[in-house]
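Values in this document were obtained by computation on a predicted structure and should not be read as measured data. For reference, positions follow the sequence shown, starting with 1.
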Amino acid sequence: MTAAPTLVLDLDGTLVDTAGDLTATLNDVLASEGLGPVAADEARAMVGHGARVMISNALLASGVTAEPERLDNLMAEFIDIYAGRIAETSRPFPGAVAALGRFASDGWRLAVCTNKLERHSRLLLSALGIADRFAVIAGQDTYGVRKPDPRHLEETIRAAGGDHRRAVMVGDSEVDVQTARAAGIPVVAVSFGYSQVPVADLAADRVIGHFDELYGAATPLLGPD
C-alpha cells in the first residue's frame with residue numbers, strides 16, 4: 001500500500017511569524033543580564049537553530065561569552081518567559097491555514113519539524129488553534145537530534161506514517177534546505193521568512209512568495225505512487 005504524501009513544515013519564519021514574541025522574550029533575558037536589546041532584524045537572523053543558540057549569539061553580539069551553566073540558567077528563564085507570551089503577536093503567515101486545509105483535503109499528512117522546543121511548538125500551535133492539523137509536531141528535543149541533522153526530518157516523516165520517497169519539506173532558511181538535502185527530500189523555500197541568505201541562493205527545488213503558491217509548487221516534487 002502506497003503511503004500518503006507528507007508535507008513537513010518548519011515553524012518559525014515558515015508557518016508562523018513568531019519574530020515579535022521571540023525578540024521580546026530574548027530582550028527580557030538580555031535585560032536581566034544588564035544588556036541592551038537586540039533589534040528585530042538581528043533577532044530574526046538568530047532564530048533557525050533554536051532558543052539556546054539565539055541567546056548565545058545575542059550575548060556574543062554584546063561582547064559576552066557565556067559559560068554553559070550561565071547559558072543553562074538563561075535558557076530556563078527564556079523558556080518560562082516565552083511560554084507566558086507564546087502567541088501575543090505571533091500569527092500564521094497569510095494563506096497558511098487555507099493551504100494546510102487544501103493539502104489535508106487532498107489526503108496529505110501534515111507535520112512540523114522545528115528547532116523550537118516541542119513544548120513551545122505545541123503551546124504556540126494550540127494557541128493559534130491549528131495543533132490538531134498535524135500528525136506530528138517534532139521539536140529539537142523530540143528525537144535527540146535537530147536540524148540540520150537529517151534524522152530530525154526522517155523521524156518526523158516516519159512518526160507521521162509517511163515515506164521519505166513521498167514527502168516534501170517547506171522551510172525558510174539554509175538550515176531547512178540543508179536538512180532536506182541531507183535526507184534526500186525535495187524542499188520548497190518561502191521568501192517571506194527569516195533567512196539572512198537570499199532565498200534564491202539556497203538552492204531549494206522551488207521558492208514561493210505566498211502560501212497560495214505552495215500546493216502548485218509541492219505536488220510536482222512528490223515521487224511516484
Side-chain angles (χ1 to χ4, degrees), residues 6-27 38-51 53-54 57 82 85-104 108 110-116 120-121 124-125 127-131 133-134 137-140 147-148 152-153 156 167-181 185-221:
T6 307
L7 188 74
V8 184
L9 299 106
D10 172 53
L11 185 47
D12 298 299
T14 299
L15 180 60
V16 181
D17 186 359
T18 54
D21 291 326
L22 287 169
T23 301
T25 303
L26 177 62
N27 285 334
V38 170
D41 286 347
E42 294 178 81
R44 278 196 292 272
M46 301 174 185
V47 168
H49 290 277
V53 175
M54 184 166 64
N57 287 343
Y82 186 53
R85 66 149 58 92
I86 197 74
E88 285 184 358
T89 64
S90 297
R91 297 293 182 271
F93 282 102
V97 175
L100 295 177
R102 183 174 186 187
F103 280 96
W108 289 62
L110 303 175
V112 167
C113 180
T114 174
N115 279 342
K116 206 180 196 73
H120 284 160
S121 303
L124 173 61
L125 294 170
L128 297 175
I130 57 175
R133 306 277 184 120
F134 301 99
I137 299 171
Q140 64 165 267
K147 299 179 295 183
H152 191 179
L153 177 54
T156 300
V168 177
M169 174 76 185
V170 186
D172 72 312
S173 70
E174 190 172 14
V175 170
D176 296 316
V177 175
Q178 289 174 347
T179 305
R181 288 282 176 254
I185 292 165
V187 57
V188 177
V190 301
S191 63
F192 46 77
Y194 304 156
S195 176
Q196 296 305 294
V197 177
V199 175
D201 295 342
L202 296 181
D205 295 287
R206 301 283 191 279
V207 175
I208 61 170
H210 193 284
F211 265 100
D212 290 352
E213 304 168 43
L214 182 58
Y215 189 86
T219 51
L221 299 177

Nearest non-hydrogen partners of A167 and I185, listed with the distance
O-CG2, 3.5 Å
Minimum heavy-atom separation for A138 to T156, with atom names?
CB-OG1, 3.3 Å
Side-chain touch L15/L100, heavy atoms, less than 4.5 angstrom
yes
What do the steps show when you test V112 against V8 for side chain to side chain contact (heavy atoms under 4.5 Å, CB included), and what is the final call?
CA-CA 5 Å; V112 167; V8 184; over 6 Å; no
What one should report as the nearest heavy-atom pair of D12 and K116 is OD1-NZ, 2.7 Å
How about T23 and V38: do any of their side-chain heavy atoms sit closer than 4.5 Å?
no
Is there side-chain contact between Y215 and I208, with at least one heavy-atom pair below 4.5 Å?
no
Give me the atom names and distance for the closest heavy-atom approach of L153 to A180.
CD2-CA, 3.8 Å
List the steps, then state whether side chain to side chain contact (heavy atoms under 4.5 Å, CB included) holds for N115 with V175.
CA-CA 10 Å; N115 279 342; V175 170; 4.1 Å; yes
Please output the side-chain donor-acceptor pairs of residues 87-97 that fall under 3.5 Å, not counting sequence neighbours, one pair per line with the distance.
unit_1	atom_1	unit_2	atom_2	d
T89	OG1	D21	OD1	3.1
S90	OG	D21	OD2	2.7
R91	NH1	A87	O	3.1

How long is the span from the CD atom in Q140 to the NE2 atom in H152, to the nearest 0.5 Å?
8.0 Å
For side chain to side chain contact (heavy atoms under 4.5 Å, CB included), just list the numbers for L22 and L26, CA-CA rounded to whole Å, side-chain angles, deciding distance to a tenth of an Å, and then say yes or no.
CA-CA 6 Å; L22 287 169; L26 177 62; over 6 Å; no
So, do S121 and L124 sit near enough that their side-chain heavy atoms are less than 4.5 Å apart?
no
Check: H210 side chain, F192 main-chain N or O, donor-acceptor pair, under 3.5 Å:
no
For residues L125 and I137, determine if any side-chain heavy atom of one lies less than 4.5 Å from a side-chain heavy atom of the other.
yes
Stepwise, does the side chain to side chain contact (heavy atoms under 4.5 Å, CB included) test hold for L9 with C113?
CA-CA 6 Å; L9 299 106; C113 180; over 6 Å; no
Quick one: are V168 and T6 in side-chain contact, heavy atoms under 4.5 Å?
no
Could you check whether the rings of H120 and Y82 sit parallel, tilted or perpendicular, using 30° and 60° as the cut-offs?
perpendicular
Do D17 and Y194 have side chains that get closer than 4.5 Å, going by heavy atoms?
yes
Should M169 and D10 count as side-chain neighbours, where that means a heavy-atom distance under 4.5 Å?
yes
Whether R181 and D205 form a salt bridge (side-chain N of Lys/Arg under 4.0 Å from carboxylate O of Asp/Glu) is what I want to check.
yes
CD of E42 to CG of N57: how many Å apart, nearest 0.5 Å?
11.0 Å
Closest non-hydrogen atom pair, V207 against V199
CG1-CG1, 3.6 Å
Without swapping roles, check the side chain of T179 against the backbone of K147 for a donor-acceptor pair under 3.5 Å.
no
Can you name the closest pair of heavy atoms from A218 and L7 and give their distance?
CB-CD1, 4.3 Å
